[in-house]
Amino acid sequence: QLQLVESGGGLVQPGGSLRLSCAASGFTVNYYAIGWFRQAPGKEREGVSCISTSDDNTYYLDSVKGRFTISRDNAKNTVYLQMNSLKPEDTAVYHCAAEFHPSSKWCTIGTMSNYRHWGQGTQVTVSS
């Protein structure tokens with residue numbers, strides 16, 4: 001059974017860092033485009049970053065560019081989201097999502113319905 005499990009969330013002060021992990025089981029992550037999405041209380045879920053399977057193309061939400069970095073470790077079957085210089089407005093539940101796109105430069109943060117497989121999420125709270 002295909003499964004995604006996020007971890008690494010927590011409480012951090014503004015300016016701090018966290019690294020989120022998205023561990024995959026039941027499938028090989030290097031054949032899948034992976035996206036990170038977040039949902040803050042009372043707000044719609046939004047795309048934060050994604051990474052393709054070919055050439056590791058990456059895309060970022062404008063508000064996180066220069067602060068967040070997405071990467072994949074195929075040997076560990078895991079995708080990471082390194083988050084630096086965190087701000088209170090980054091507070092949200094972060095979900096990773098996967099869609100089968102082998103040898104492709106495709107990934108998107110614009111449309112959640114493009115991803116069929118989702119994790120349960122991990123809470124990130126940025127507060128002093």
Side-chain angles (χ1 to χ4, degrees):
Q1 183 177 354
L2 193 151
Q3 189 174 17
L4 296 167
V5 178
E6 302 93 337
S7 62
L11 173 63
V12 63
Q13 292 186 343
S17 298
L18 285 173
R19 188 178 76 160
L20 304 184
S21 299
C22 174
S25 62
F27 69 103
T28 303
V29 72
N30 58 312
Y31 294 137
Y32 284 73
I34 303 294
W36 281 98
F37 294 78
R38 68 186 181 186
Q39 188 164 19
K43 295 187 178 181
E44 293 187 353
R45 192 173 294 187
E46 64 177 354
V48 176
S49 182
C50 67
I51 186 166
S52 70
T53 54
S54 177
D55 296 333
D56 280 346
N57 282 342
T58 58
Y59 297 94
Y60 296 93
L61 184 67
D62 283 346
S63 62
V64 308
K65 285 180 181 176
R67 300 189 296 122
F68 290 10
T69 303
I70 190 171
S71 63
R72 62 167 75 234
D73 186 334
N74 292 333
K76 294 184 178 180
N77 219 29
T78 299
V79 173
Y80 302 99
L81 185 68
Q82 177 68 43
M83 306 187 298
N84 299 328
S85 302
L86 282 161
K87 304 175 181 180
E89 51 263 43
D90 294 318
T91 295
V93 177
Y94 284 71
H95 300 265
C96 62
E99 186 57 38
F100 185 67
H101 273 279
S103 302
S104 169
K105 296 183 180 181
W106 179 91
C107 77
T108 181
I109 59 172
T111 307
M112 293 183 293
S113 61
N114 283 304
Y115 295 90
R116 286 179 291 172
H117 311 289
W118 289 80
Q120 291 300 308
T122 184
Q123 175 70 46
V124 172
T125 303
V126 185
S127 175
S128 55

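In this text the structure is predicted, and so the values were computed from the model without any measurement.
Interatomic distance, OG of Ser21 versus CG of Leu18, reported as 10.5 Å (0.5 Å rounding). Between Phe68 atom CZ and Thr58 atom OG1 the span is 14.0 Å, to the nearest 0.5 Å.
For the pair Arg19 and Tyr80, the cation sits on the ring face: its NZ or CZ lies under 6.0 Å from the ring centre, inside 45° of the axis.
Here the side chain of Asn74 pairs no donor or acceptor atom with the backbone of Asn77 at under 3.5 angstrom. For the pair Thr53 (side chain) and Ala33 (backbone), a donor-acceptor distance under 3.5 Å is absent. A donor-acceptor pair under 3.5 Å links the side-chain atoms of Ser52 to the main chain of Asn57, judged by distance alone. At least one donor-acceptor pair under 3.5 Å links the side chain of Arg67 to the backbone N or O of Ser85.
Under the disulfide bond (SG atoms under 2.5 Å apart) criterion, the residue pairs touching residues 54-104 are Cys22-Cys96, with sequence neighbours excluded. The list of side-chain hydrogen bond (donor to acceptor under 3.5 Å, both in side chains) pairs with a residue in residues 2-14, not counting sequence neighbours, is empty. Counting only residues at least two apart or on different chains, the side-chain hydrogen bond (donor to acceptor under 3.5 Å, both in side chains) pairs with a member in residues 115-128 are Glu99-Arg116, Gln123-Thr125.
In this structure, Leu81 is not a member of the same hydrophobic cluster as Phe37, with clusters built from ILVMFWY side-chain heavy atoms closer than 4.5 Å. A chain of hydrophobic side-chain contacts below 4.5 Å, direct or via other Ile, Leu, Val, Met, Phe, Trp or Tyr residues, connects Tyr94 to Val12. Leu20 and Val93 fall into different hydrophobic clusters, defined by Ile, Leu, Val, Met, Phe, Trp and Tyr side-chain heavy atoms under 4.5 Å apart, directly or through other members. Taking hydrophobic clusters as Ile, Leu, Val, Met, Phe, Trp and Tyr residues chained together by side-chain heavy-atom distances below 4.5 Å, Val29 shares a cluster with Leu2.
With respect to the salt-bridge test (charged N to carboxylate O, under 4.0 angstrom), the residues Asp62 and Lys65 qualify.
Under a cut-off of 6.0 angstrom, the local environment of CD in Glu44 is sparse, with at most 12 non-hydrogen atoms contributed by other residues, nucleotides or ligands.
Side-chain contact between Val48 and Tyr60 is absent, with no heavy atoms from C-beta onward closer than 4.5 Å. Side-chain contact check for Leu4 versus Tyr32: every heavy-atom pair is 4.5 Å or farther apart. Residues Arg38 and Glu46 are in side-chain contact: their nearest non-hydrogen atoms beyond the backbone lie under 4.5 Å apart.
Between the side chains of Ser17 and Asn84, at least one donor N or O lies within less than 3.5 Å of an accepting N or O.
For Tyr31, there are no ring pair (Phe, Tyr, Trp, His ring centres under 6.0 Å) partners at least two apart in sequence or on another chain. In terms of the side-chain contact (heavy atoms from CB on, under 4.5 Å) criterion, residue partners of Lys43 (sequence neighbours excluded) are, by chain and number, Ala40.
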Would you tabulate the side-chain donor-acceptor contacts of residues 103-112 under 3.5 Å, counting partners in other chains and residues two or more places apart, or write 'none'?
{"unit_1": "Ser104", "atom_1": "OG", "unit_2": "Trp106", "atom_2": "N", "d": "2.9"}
{"unit_1": "Thr108", "atom_1": "OG1", "unit_2": "Gly110", "atom_2": "N", "d": "3.0"}

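When all heavy atoms of Ile34 and Ala98 are compared, the pair lying nearest together is CD1-CB, 3.6 Å.
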